[in-house]
Peer 1: 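There's a structure below that I have some questions on.
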Amino acid sequence: MSALYTFDNVVKTYEEAGQTLEILRGVSISIEEGEQVAIVGASGSGKSTLLHLMGALDTPTSGKVLFRDRDIFSLTPDEQASFRNRTCGYVFQFHHLLSEFSAEENVAMPAIIAGRTKASVIGEAREMLDRVGLADKHASKVNNLSGGERQRVAIARAVLMHPEVLLADEPTGNLDEKTGAQVVALLKELNHELGMTTVVVTHNAELAAGLDRSLELRTGLLYDKTIA
């Protein structure tokens, strides 16, 4: 394996009520291609911030975030938009599906945003829904789906473009134990099947233990909890 991400002394601060809040205090870490990595830590420790930096959804205050040895924050705005659309897939605790569209239309959306027509991509969207166990839900409106089904639609949407990396923020946070376990199994299957690097922010100890590596964010620093 080779390094996909490299964090080089990354600092992230916010200004709030005249005070500087230091969320990340100099994070340096590498994530290898094809790895399944869990990021754990207390609420408010900066786990989501770390994930957002990986996806170019936020910017560091200082330091570098390298993807294949290139600083993603040296990219032009158009290049960053392409990176977010084509290189990264995102799954959030709240699925962020578009309620006015069907399941298949939601899954097709990243490709449509990238410039493809609905007609050219809808077949792929249906195949991806089949892959996540929703073969009978292609035309269903989001509001008619259960919580677990909506999260599966979100996963199908995230991997439609066959991204190099899947970034998941508390993907089981709003699901019951059984449904959460099914979603975890699905994420691991897709990691192996599609060859993606998977980074998951989670409070779920069982989920973290089942991945290749577990990183803990504590007092703004990242520690590798994996036992060799």
Side-chain angles (χ1 to χ4, degrees), residues 3-33 35-67 71-73 80 83-84 87-96 147 151 154-155 158 163 165-177 179-181 183-184 187-188 191 196-228:
L4 189 72
Y5 278 103
T6 302
F7 276 61
D8 182 10
N9 197 31
V10 172
V11 173
K12 180 62 180 180
T13 62
Y14 294 99
E15 297 296 325
E16 185 175 290
Q19 294 186 339
T20 299
L21 302 179
E22 196 170 38
I23 307 302
L24 304 178
R25 298 196 297 116
V27 169
S28 295
I29 195 74
S30 291
I31 293 176
E32 304 299 320
E33 187 171 357
E35 267 196 301
Q36 300 176 35
V37 178
I39 300 175
V40 300
S43 296
S45 61
K47 302 186 300 299
S48 294
T49 297
L50 197 65
L51 203 71
H52 291 170
L53 292 174
M54 290 183 187
L57 297 172
D58 200 352
T59 56
T61 303
S62 63
K64 294 182 178 180
V65 180
L66 307 179
F67 184 88
D71 186 351
I72 60 177
F73 297 102
Q80 283 194 13
F83 176 80
R84 286 188 289 265
T87 303
C88 300
Y90 307 90
V91 180
F92 301 102
Q93 180 175 355
F94 301 99
H95 47 76
H96 297 298
Q151 197 65 305
I155 292 170
V165 57
L166 180 64
L167 304 173
D169 194 349
E170 296 287 2
T172 64
N174 285 327
L175 304 177
D176 61 73
E177 185 175 350
T179 305
V183 167
V184 169
L187 289 173
K188 294 177 72 173
N191 171 268
M196 300 178 299
T197 301
T198 303
V199 183
V200 182
V201 163
T202 184
H203 283 100
N204 185 326
E206 185 175 351
L207 167 55
L211 303 186
D212 298 331
R213 193 151 56 120
S214 183
L215 306 174
E216 182 180 10
L217 193 58
R218 188 169 70 247
T219 62
L221 297 173
L222 200 60
Y223 300 89
D224 196 331
K225 296 184 62 180
T226 307
I227 299 174

Peer 1: May I ask you to test the Ile39-Met54 pair for a side-chain heavy-atom distance under 4.5 Å?
Peer 2: yes

Peer 1: Find the distance between CG (Leu167) and CE (Met196) and round it off to the nearest 0.5 Å.
Peer 2: 10.0 Å

Peer 1: Any idea which heavy atoms bring Val11 and Gly26 closest together, and the distance?
Peer 2: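 Scanning both residues, the minimum pair turns out to be CG2-N, 3.8 Å.
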
Peer 1: Can you list everything that forms a salt bridge (charged side-chain N to carboxylate O under 4.0 Å, His left out) with Asp58? Sequence neighbours excluded, please.
Peer 2: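 Here the qualifying residues are Lys12.
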
Peer 1: Quick one: closest heavy-atom pair of Arg213 and Leu215, and the distance?
Peer 2: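 Looking at all heavy atoms of both residues, the closest pair is NH1-CD2, 3.9 Å.
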
Peer 1: Over all heavy atoms of both residues, which pair between Ser214 and Ala208 is shortest? Give the atoms and the distance, please.
Peer 2: OG-CB, 4.2 Å

Peer 1: Whether the side chain of Asp212 engages the backbone of Gln36 through a donor-acceptor N/O pair (distance < 3.5 Å, no angle test) should be reported.
Peer 2: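 Between the backbone of Gln36 and the side chain of Asp212 there is a qualifying donor-acceptor contact (under 3.5 Å).
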
Peer 1: Is the side chain of Gln80 donor-acceptor paired with the backbone N or O of Ile72 at a distance under 3.5 Å, no angle test?
Peer 2: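 Confirmed, Gln80 side chain pairs with Ile72 backbone.
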
Peer 1: Is there a side-chain contact between Asn191 and Leu166 in this structure, where contact means two heavy atoms from C-beta onward sitting under 4.5 Å apart?
Peer 2: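 No. Closest side-chain heavy atoms not under 4.5 Å.
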
Peer 1: Nearest 0.5 Å please: distance from the CG atom of Asp71 over to the CG atom of Asp8.
Peer 2: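 Spacing of CG (Asp71) from CG (Asp8) equals 9.0 Å.
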
Peer 1: What are the two closest non-hydrogen atoms of Ala154 and Val91, and how far apart are they?
Peer 2: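 The pair with the smallest heavy-atom distance is O-CG2, 4.3 Å.
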
Peer 1: For Arg25 and Thr219, indicate whether the former's side chain and the latter's backbone hold a donor-acceptor pair under 3.5 Å.
Peer 2: yes

Peer 1: Can you check whether Glu22 reaches Thr61 side chain to side chain, under 4.5 Å on heavy atoms?
Peer 2: no

Peer 1: For a 4.5 angstrom cut-off between non-hydrogen side-chain atoms, does Phe7 reach Leu222?
Peer 2: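 No, their side chains stay 4.5 Å or more apart.
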
Peer 1: Would one find more than 12 heavy atoms of other residues, nucleotides or ligands at under 6.0 Å from atom CD of Glu15?
Peer 2: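 Counting other residues, nucleotides and ligands, CD of Glu15 exceeds 12 neighbours.
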
Peer 1: Just to verify, what does Ser48 make a side-chain hydrogen bond (donor to acceptor under 3.5 Å, both in side chains) with, not counting sequence neighbours?
Peer 2: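 In terms of side-chain hydrogen bond (donor to acceptor under 3.5 Å, both in side chains), with neighbours along the sequence ignored, Ser48 is linked to Asp169.
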
Peer 1: Taking side chain as C-beta onward, heavy atoms only, is Leu24 less than 4.5 Å from Leu217?
Peer 2: yes

Peer 1: Are any of the side-chain heavy atoms of Leu211 and Lys188 separated by less than 4.5 Å?
Peer 2: yes

Peer 1: Under the ring-ring contact (aromatic ring centres under 6.0 Å, His included) test, which residues partner Phe67, sequence neighbours left out?
Peer 2: Tyr5, Phe83

Peer 1: When you compare the side chain of Ser45 with that of Glu216, does any pair of heavy atoms fall below 4.5 Å?
Peer 2: no

Peer 1: With a 4.5 Å cut-off on side-chain heavy atoms, are Thr202 and Glu170 touching?
Peer 2: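 They are in contact (side-chain heavy atoms under 4.5 Å apart), so the answer is yes.
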
Peer 1: If every non-hydrogen atom of Gly55 is compared with every non-hydrogen atom of Tyr90, which pair is closest and at what distance?
Peer 2: O-OH, 2.8 Å

Peer 1: Donor-acceptor check, side chain of Glu33 to backbone of Ala3, threshold 3.5 angstrom: yes or no?
Peer 2: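 Checking the backbone N and O of Ala3 against the side chain of Glu33, no donor-acceptor pair under 3.5 Å is found.
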
Peer 1: Which heavy atom in Leu57 sits nearest to a heavy atom in Arg84, and how many Å separate them?
Peer 2: CD2-CD, 3.6 Å

Peer 1: Does any N or O in the side chain of Lys47 come within less than 3.5 Å of the main-chain N or O of Ala42, such that one atom is a donor and the other an acceptor?
Peer 2: yes

Peer 1: Can you tell me if Ser30 uses its side chain to pair, donor with acceptor, with the backbone of Thr6 under 3.5 Å?
Peer 2: no

